[in-house]
Each structure stands twice: as structure tokens, then as C-alpha cells.
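This report refers to the structure that appears directly beneath it.
Below, each value reflects all heavy atoms present in this structure, side chains not excepted, and no hydrogens, waters or symmetry copies.
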Amino acid sequence: MSTEKSRNDTRSSVSSALRSTRNAFENHPHWLFLLPALLIYLPFLVLPALGIFGLSTFQWSGLGTMSFNGVENFVATVSDPIVSTSLWHNVKIAFWSLILQAGIGLVLALAIYRFSDRFRQFFQAVYLLPMTLMAVAVSMIWGYMYNPSYGILNSVIQEIGIDWNPLWLGSQSLALYAIIIVATWQWTGFRVVLWLAGLDSIDESLLEAARMDGAGPLQRFRYITLPLLKPVAIFISIYTIIGSFNSFVYIWVMTRGGPGHASEVMVTWIYKNAFLQSNFGQAAAISVLLFVIVLVLSLLNMRLGDREAGGVNP
């Protein structure tokens with residue numbers, strides 16, 4: 001009798017749970033569409049990311065037992081001169097990527113904005129072509145171009161009569177900037193498309209009214225176009241900065257962070273700590289630091305976006 005009652009209670013609980021789940025999906029159907037992505041995102045991204053926080057408090061070589069060491073990994077991270085050097089290199093990459101990619105992208109977008117739709121589509125496709133290539137392939141191609149013995153860049157320099165044969169990727173003063181040029185070449189086209197979308201959203205009547213009032217091209221750009229492009233500028237800025245802090249492929253393929261640590265960045269140093277030095281706890285601590293930096297930048301992006309939309313009062 002008790003067994004039958006237990007079965008009935010179990011069936012009742014299961015039926016109640018199913019009804020609750022069905023009601024939840026009926027009341028909030030958007031979760032049903034998010035469910036497939038969440039089933040992949042949670043176990044393969046979120047849970048491992050949370051595991052990094054726990055791993056950062058342990059000393060572990062990847063094999064054998066793990067020993068708890070509290071905040072020692074974080075103390076070592078803060079006192080590690082290579083971490084500060086890598087962070088400074090990330091800041092440099094972010095600064096120059098922002099200046100070059102956003103600046104060149106805006107100039108190119110303004111140059112083709114007045115073209116007919118057919119020409120605009122053609123140039124947009126051309127600008128986006130580099131973005132379709134794998135970063136590894138791009139790094140290898142540019143690595144050959146930078147080669148001081150047979151690279152095309154040094155050959156062109158010699159052909160135009162300049163007596164200079166730089167070691168682009170072998171010079172501590174040039175390596176990081178050579179990598180920035182590669183990233184700029186591949187990703188500027190995406191910024192062009194974003195700027196064009198912003199330009200298309202500007203009401204032509206505002207520019208026409210300013211033109212009738214005697215405003216010249218520079219005045220219209222400064223007082224009308226540029227302020228109205230501010231939301232796009234904020235998005236491009238934060239997107240570029242966050243992407244710069246996640247730089248890895250170009251650097252790892254072309255320089256491995258060298259020569260010395262001249263092009264070392266946070267992600268390459270994390271990789272070296274984990275897989276070359278078997279110091280997974282230290283690598284996890286540096287990853288947490290990088291996570292905090294990217295999180296702050298993401299929150300800044302959200303706040304600036306809300307403020308631009310009028311959601312946050314200054």
C-alpha cells in the first residue's frame with residue numbers, strides 16, 4: 001500500500017513539475033528559443049569559466065593532486081613584471097587599433113557614402129574580404145611579407161631607393177606595431193560597414209537645412225554628422241578595445257610574444273603559463289584579471305549605450 005502511495009506521489013510531483021515548466025514556457029516563450037543556445041553555452045562556456053575562479057586558488061601542474069594556496073597566485077600575478085608588460089602591450093594595441101581602424105574606417109566610409117548603391121555594395125564587399133580570411137592564414141601571409149630576406153615589404157623599400165632593411169618581427173621596437181598593422185588590415189573593413197550604417201541613419205533633411213543656411217562641408221561634418229555618429233563611435237571604440245585585450249592568434253603565429261617579451265600580451269602569457277610552464281593556477285589567476293578588465297569595459301559599453309539612448313541620466 002505504501003509503495004502504491006509512493007508511486008502516486010512521484011507521478012503527482014512529475015506531473016506538477018511538467019505543468020509548471022509548460023506554464024513557464026507559455027508565459028515566457030522567449031526562453032524556449034534561447035534554450036538550444038543555453039544548452040551549449042552553459043556546459044561548454046559558463047561552467048568552465050566559473051571553474052577558472054576556483055582553479056586560480058590552487059597550485060596545479062595539470063597532473064597529480066591540486067594544492068590549495070589561497071591568494072598566492074594573485075599576489076604572484078600582481079608582482080609579475082611580465083604581466084604588467086603584457087597589459088601595457090594590450091593597452092598599446094587597443095590605442096593604435098582604435099586610432100587606425102576607427103579613423104581609417106571613417107575616412108573610407110565618408111569617401112564611398114555618396115556613391116551609388118551598386119558602387120557602395122562593391123566597395124563594402126572589397127573592404128570585408130580580409131575579414132573572411134582565417135586569422136592564422138592572414139598571420140602566415142603577413143609573416144612571409146615581413147620576412148627580411150625575401151619579404152615583399154623590404155623588397156619594395158629597396159626598390160624605391162631607401163637603404164633600410166628592417167627586421168619587422170625580429171625587432172623589439174617594431175614587432176608589436178607590425179602586428180597592429182596586420183590587425184588593422186583585416187578589421188578596418190568591418191568598421192567601414194559600421195560607419196556606413198551610422199551615416200545612413202542620419203536624416204538628410206538636417207544636412208540639407210544646414211547647407212541652405214550656408215554651412216560648409218567641414219561645418220556640417222563637425223556639428224551635425226559627427227555628433228549623430230556618437231552611438232556608433234562608442235560601439236566601435238568599446239568593441240575594438242575589448243577585441244584588443246583578447247589578441248592572441250596574430251601574435252602567437254608571428255612572434256610567439258617575442259623577441260624577448262616585446263610583443264607579449266595577456267592571452268599569450270596565460271597560454272605560456274598553462275601549457276608551456278604547466279602552471280595552471282597562475283594562468284587561471286591571470287585569466288581572472290583579464291576577465292575583470294574585459295568586464296569593466298563591457299559594463300562601460302552598456303552604460304554609455306544606455307546614456308546615449310536616454311536610459312541613464314548623466
Between [X] and [Y], is there a donor-acceptor pair closer than 3.5 Å when you use the side chain of the first and the backbone of the second?
X      : Y      : answer
Lys272 : Arg256 : yes
Tyr127 : Phe190 : no
Asn147 : Tyr150 : yes
Gln172 : Ala262 : no
Asn73  : Ala285 : no
Ser97  : Ala94  : no
Tyr113 : Leu199 : yes
Asp203 : Leu206 : no

I'd like to check [X] versus [Y] (side-chain heavy atoms, cut-off strictly below 4.5 Å). Are they in contact?
X      : Y      : result
Ile179 : Trp142 : no
Met254 : Val182 : yes
Val83  : Met266 : yes
Ile224 : Gln219 : no
Phe221 : Leu110 : yes
Leu289 : Val78  : no
Trp269 : Asp80  : yes

I'd like to know if the side chain of Trp168 pairs up with that of Asn154 as donor and acceptor (distance under 3.5 Å, no hydrogens or angles considered).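 The criterion, which ignores hydrogens and geometry beyond distance, is satisfied for Asn154 and Trp168.
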Between Glu264 and Lys92, is there a side-chain N and carboxylate O pair less than 4.0 Å apart?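 Result for this pair is no, no salt bridge flagged.
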Does the pair Asp213/Arg220 count as a salt bridge with the N-to-O cut at 4.0 Å?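 No, this pair does not count.
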is_close_aromatic(Phe115, Phe122), centroid dist under 6.0 Å: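 Not under 6.0 Å, so no.
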Less than 6.0 angstrom separating the ring centers of Phe53 and Phe291, yes or no?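 So the answer is yes for these two rings.
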Applying side-chain contact (heavy atoms from CB on, under 4.5 Å) between Phe245 and each of Val267, Asn90, Ile93, report the one that passes.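 For Phe245, the side-chain contact (heavy atoms from CB on, under 4.5 Å) check succeeds only for Asn90.
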If the test is side-chain contact (heavy atoms from CB on, under 4.5 Å), which one of Thr268, Thr255, Leu169 qualifies with Ser263?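 When side-chain contact (heavy atoms from CB on, under 4.5 Å) is applied between Ser263 and each of Thr268, Thr255, Leu169, only Thr255 qualifies.
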Look up atom CH2 in Trp96 and atom OG1 in Thr240, then write down how far apart they are to the nearest 0.5 Å.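 If I round to the nearest 0.5 Å, the distance is 15.0 Å.
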Do you know the tightest heavy-atom contact between Thr132 and Leu129?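 That closest heavy-atom pairing would be OG1-O, 2.6 Å.
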Considering all heavy atoms of both residues, which atom of Ala183 and which atom of Tyr250 are nearest to each other, and what is their separation?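 Shortest heavy-atom contact: CB-CE1, 3.8 Å.
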Measure the acute angle between the ring planes of Phe248 and Trp252, then classify it against the limits of 30° and 60° as parallel, tilted or perpendicular.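 Rings of Phe248 and Trp252: parallel, as their planes differ by under 30°.
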How are the rings of Phe58 and Phe68 set relative to one another: parallel (under 30°), tilted (30 to 60°) or perpendicular (over 60°)?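 Aromatic pair Phe58/Phe68 classed perpendicular.
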